[in-house]
Amino acid sequence: MIYGVGLIGFLAGFVLGQMILMVLLRDRKKEELLENKALQRKYGTLNWLIALLTMASALYIYTHWVE
């Protein structure tokens with residue numbers, strides 16, 4: 001069951017990260033996003049961090065409050 005909670009938390013965090021990026025990058029042009037490697041690293045890393053933090057918080061909530 002804990003693997004399912006971790007997977008659901010990770011997927012939810014990834015979707016949340018994509019939604020945050022959509023808001024943060026709405027003023028950028030498509031060409032700029034495709035060509036600027038610094039932006040890709042910065043915002044790509046941000047999305048993965050949000051996904052991992054959401055997974056960790058889901059696992060924490062499950063192990064401390066549900067079990």
Side-chain angles (χ1 to χ4, degrees):
M1 184 66 186
I2 196 162
Y3 293 115
V5 171
L7 180 64
I8 290 170
F10 181 78
L11 292 175
F14 201 80
V15 170
L16 177 65
Q18 289 293 311
M19 290 169 51
I20 291 171
L21 288 181
M22 191 170 60
V23 172
L24 290 176
L25 298 174
R26 68 175 167 237
D27 295 331
R28 306 275 184 164
K29 294 181 181 176
K30 182 179 177 181
E31 294 81 23
E32 180 184 5
L33 294 173
L34 292 174
E35 294 173 1
N36 193 342
K37 298 294 182 188
L39 282 177
Q40 292 175 4
R41 281 188 217 102
K42 177 182 174 183
Y43 289 112
T45 305
L46 177 67
N47 193 20
W48 283 102
L49 286 175
I50 291 170
L52 290 174
L53 287 173
T54 307
M55 179 186 69
S57 64
L59 290 173
Y60 177 80
I61 290 169
Y62 178 75
T63 57
H64 285 58
W65 291 348
V66 176
E67 269 190 327

Residue pair [X] / [Y]: nearest heavy atoms and the distance that separates them:
X: Arg41; Y: Thr45; value: O-OG1, 2.6 Å
X: Gln40; Y: Glu35; value: NE2-N, 4.3 Å
X: Arg28; Y: Leu39; value: NH1-CD1, 3.6 Å
X: Gln18; Y: Asn47; value: NE2-ND2, 2.5 Å
X: Gly9; Y: Ala58; value: CA-CB, 4.0 Å
X: Phe10; Y: Ala51; value: CE1-CB, 3.6 Å

If hydrophobic clusters are built from ILVMFWY residues whose side chains come within less than 4.5 Å, do [X] and [Y] share one?
X: Leu46; Y: Leu33; answer: yes
X: Val15; Y: Trp48; answer: no
X: Val5; Y: Val66; answer: yes
X: Ile50; Y: Leu59; answer: no
X: Ile20; Y: Leu49; answer: no

Fill in the blank from the handout: Separation between CD1 (Ile8) and CE (Met55), nearest 0.5 Å, reads 13.0 Å
